[in-house]
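For clarity, every value in this text was computed on a predicted model and none was experimentally measured. Below, each value reflects all heavy atoms present in this structure, side chains not excepted, and no hydrogens, waters or symmetry copies. In what follows, chains are A, B, ... by sequence order, proteins preceding strands, each numbered from 1.
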Amino acid sequence: MLASKFFMPTLKENPADAIVPSHIYLVRAGFIRPLAAGIYEYLPLGFRVLKKIENIIRKHMDNAGALELLLPILTPASLWKETGRWDVYGKELFRLKDRKDTDFALGPTHEETITDLVRKNVRSYKDLPLNFYQIQTKFRDEARPRYGLIRGREFIMKDGYSFDVSEEDAIKTYEVMKDAYHKIFKELGLDYLMVEADVGAIGGKFSHEFVVKVPSGEAHIVYCEKCGYAANVEAAKFHRHKLPPEPLLEKEKVYTPSIKSVEEVANFLKVPITKIVKTLIYKADEKDYVAVLIRGDIELNETKLTNHLKAIEVRLANPEELESLGIPEGFAGPIGLNIPILADKSVEDLHNFVVGANEKDYHYINVNIPRDFKIEGFYDFGTAKEGDPCPVCHSPLKETTGLEVGHIFLLGTKYSKAMNANFVDKDGKEKPIIMGCYGIGVSRLISAIVEQYHDDKGIIWPDNVAPFKIHILILNTKDEKAMEVGFDIYRKLKEKGVEVLLDERDISAGMKFKDADLLGIPHRIVIGKSLQEGKVEYQKRDGSIKDLVNLEDMDSLLKGLL
RNA sequence: CGGAGUGUAGCUCAGGUGGGAGAGCACGUGCCUUGGGAGCACGGGGUCGCAGGUUCAAGUCCUGCCACUCCGACCA
């Protein structure tokens with residue numbers, strides 16, 4: 001490609017509204033342009049990278065035995081109503097009507113559509129297993145799109161869906177997909193973690209996320225360097241050390257004027273924060289109240305609570321609601337409470353602890369379970385944090401942020417049951433198909449790669465996703481000899497099928513260097529002053545090589561690059 | 001959805017107290033220049049986000065709306 005005939009509108013200054021490096025450089029270097037919030041155009045440079053990533057994904061999915069197809073983006077509401085997601089998905093679902101006033105949605109994901117296809121065409125165990133995938137534009141009306149391609153309202157996703165006759169087989173398929181995902185993210189050169197994850201609204205039995213380690217990541221991860229345990233904090237478990245037994249002391253009500261927060265109570269009563277038990281009143285799905293007890297030093301994990309209650313969402317009760325329950329804000333406690341009481345495991349072997357008295361300005365000390373009140377049970381509602389003991393090997397956990405680029409779920413029968421996607425098994429009985437689903441954020445991967453591969457001058461693409469492999473700069477285009485040499489190398493590379501960009505624009509040398517640094521093409525051949533000595537310069541964009549090469553040695557150099 | 005901010009040329013932005021629409025870069029033409037976003041000269045380019053209001057007069061003041069960004073909540 002000749003730069004003079006190409007379209008690479010680079011910007012001299014950072015876009016005013018971009019914060020993270022991938023957003024800044026993808027826009028500045030002319031890979032993408034914004035059209036509306038969370039909606040981007042892929043310019044020729046960005047499109048080339050996108051196709052490279054897609055093809056790497058495609059290769060590994062095909063190798064793993066998945067079948068590529070293409071489902072409609074426009075999906076009838078009737079399918080979404082079958083699974084209940086027409087209501088559950090909420091504002092994120094882009095909805096529209098056709099001329100007959102029939103409701104449709106732009107697909108944010110395709111469980112319903114693929115399940116419909118399968119139920120219409122699969123009758124017997126002999127038709128299974130099946131594993132489909134597609135690479136397609138998805139739509140989600142996100143409340144807050146941000147960071148360029150990292151969170152968009154229109155984005156490109158690889159979504160895959162598997163159908164098996166048994167959970168055992170489904171788990172095997174899941175493992176094959178997991179393996180394919182590792183190959184994909186490794187080939188893309190990403191520094192990533194696979195972590196245990198919460199299944200969230202998509203549902204299912206268990207799931208794993210693939211998370212790229214970047215500072216701007218939205219996913220919070222804890223991991224163990226020793227044994228390799230890694231999980232999204234939403235799902236992360238952690239070990240609680242057993243506490244020694246203590247003689248039970250007499251319960252006592254104490255005056256704690258305006259002392260509300262855990263820290264204040266601990267300071268005022270001169271007890272460690274681990275002796276305080278927080279009583280959090282939650283409202284589940286806007287109807288039922290529940291009290292949750294948790295040790296003062298541990299944050300409650302709302303995802304775990306939501307899952308335990310089988311609720312769609314939970315929130316803390318507001319002060320007015322507390323008042324209607326007879327609880328003064330800041331002094332909630334379990335004693336005398338007539339709503340269900342659940343407790344985190346951290347409270348299980350705790351003795352002589354402090355709780356609110358459900359009375360303004362009073363707490364109880366030396367409280368014990370079950371002597372002083374009854375609860376429904378002890379469960380894991382804690383949020384893991386840095387330093388907590390690993391649930392597997394008890395070493396201190398580390399915390400990091402990451403960008404979710406892949407997520408796989410063992411769905412089970414959630415969709416097949418809701419949509420009657422059944423098959424007749426060997427035993428002649430009709431059974432729901434066991435499903436799995438597997439997503440990769442393809443457009444987000446562009447950003448993820450740039451987040452990990454850039455410097456202060458621009459992008460540094462890994463070879464296998466770079467828009468071009470070699471960038472030739474002819475610094476002085478008025479120099480006929482330089483033009484001749486540059487075009488000669490260009491033609492030779494083209495003949496060998498190498499993707500090469502030749503910058504023969506009649507602009508200053510400085511601009512060519514600046515653009516080349518921004519674009520990030522990994523290999524660069526500079527034809528400049530050293531041509532007088534019969535030499536050109538070979539550079540790597542990452543700065544690791546900067547050599548003068550004799551013209552007659554060019555062929556062997558190029559051969560080494562291929 | 002809560003909080004904050006921004007909106008003036010293609011881009012980055014300046015335009016106290018109301019009165020002339022501007023700068024740098026980019027763009028066009030010419031000259032000059034070609035190893036790190038050169039220089040000189042001339043030139044083109046505007047619904048000052050939109051709508052209403054106050055005023056003799058609004059980029060500027062008031063009201064409403066819209067769009068975009070950031071923080072948070074949310075998010076397969």
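- In this structure, Ala105(A) and Trp86(A) approach most closely via the heavy-atom pair CB-CZ3, 4.0 Å.
- The side chain of Ser508(A) contributes an N or O atom lying less than 4.0 Å from OP1 or OP2 of rA38(B).
- Using a 4.0 Å cut-off between charged nitrogen and carboxylate oxygen, Arg119(A) and Glu82(A) count as a salt-bridge pair.
- For the pairing with Tyr40(A), the side chain to side chain donor-acceptor pair (under 3.5 Å) check across Arg153(A), Arg33(A), His23(A), Glu154(A) returns one residue only, His23(A).
- Listed candidates were rG35(B), rA26(B), rC68(B). Nearest to the side chain of Lys12(A) is rA26(B).
- In the set rU33(B), rG36(B), rG37(B), the nucleotide with an atom closest to the side chain of Asp517(A) is rG36(B).
- For the side chain to side chain donor-acceptor pair (under 3.5 Å) with Asp198(A), the lone residue among Asn301(A), Thr306(A), Asn307(A) that qualifies is Asn307(A).
- Taking only distance into account, the side chain of Arg151(A) meets the base of rC75(B) through a donor-acceptor pair shorter than 3.5 Å.
- In this structure, Ser530(A) reaches the bases: a heavy-atom distance under 4.0 Å links it to at least one base atom across the strands shown.
- In the interface, the side chain of Asn476(A) is not paired with the base of rG35(B) through any donor and acceptor atom under 3.5 Å apart.
- Taking 4.0 angstrom as the limit, Lys512(A) places none of its side-chain polar atoms (N or O) nearer than this to OP1 or OP2 of rG36(B).
- For the OP1/OP2 pair of rC71(B) and a distance below 4.0 Å, the side-chain nitrogens and oxygens of Tyr147(A) include at least one atom meeting the criterion.
- Distances from the side chain of Phe513(A) to the nucleotides rC68(B), rG37(B), rG35(B) place rG35(B) closest.
- Each of Trp461(A), Phe6(A), Tyr490(A) was compared with Phe468(A) under the ring-ring contact (aromatic ring centres under 6.0 Å, His included) criterion, and only Phe6(A) meets it.
- The side chain of Leu475(A) approaches rG35(B) more closely than any other nucleotide in the set rC68(B), rA73(B), rG35(B).
- A donor N or O paired with an acceptor N or O is found under 3.5 Å between the base of rG37(B) and the side-chain atoms of Arg28(A).
- Ring centers of His407(A) and Phe409(A): under 6.0 Å apart, within the cut-off.
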Could you summarise the pairing of RNA chain B as dot-bracket text, marking Watson-Crick and G-U pairs under 3.5 Å with ( ) or [ ] inside the strand and | across strands?
-> (((((((..((((.....[..)))).(((((.......))))).....(((((..]....))))))))))))....
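- Among rG37(B), rU69(B), rA73(B), the nucleotide with an atom closest to any side-chain atom of Thr10(A) is rG37(B).
- In this structure, CD of Glu142(A) is placed 13 Å from P of rC70(B), rounded to the nearest angstrom.
- Of the residues in residues 538-547 of chain A, those lying under 4.0 Å from RNA chain B by heavy-atom distance are Gln539(A).
- Under the side chain to side chain contact (heavy atoms under 4.5 Å, CB included) rule, Phe31(A) has a single partner from Pro44(A), Ser22(A), Pro467(A), which is Pro467(A).
- Within the 4.0 Å cut-off from OP1 or OP2 of rC74(B), not a single side-chain nitrogen or oxygen of Arg144(A) is found.
- Relative to the side chain of Lys514(A), the nucleotides rG37(B), rC68(B), rC1(B) differ in distance, and rG37(B) lies closest.
- Checking rG36(B), rG37(B), rG35(B) against every side-chain atom of Leu518(A), the shortest atom distance belongs to rG37(B).
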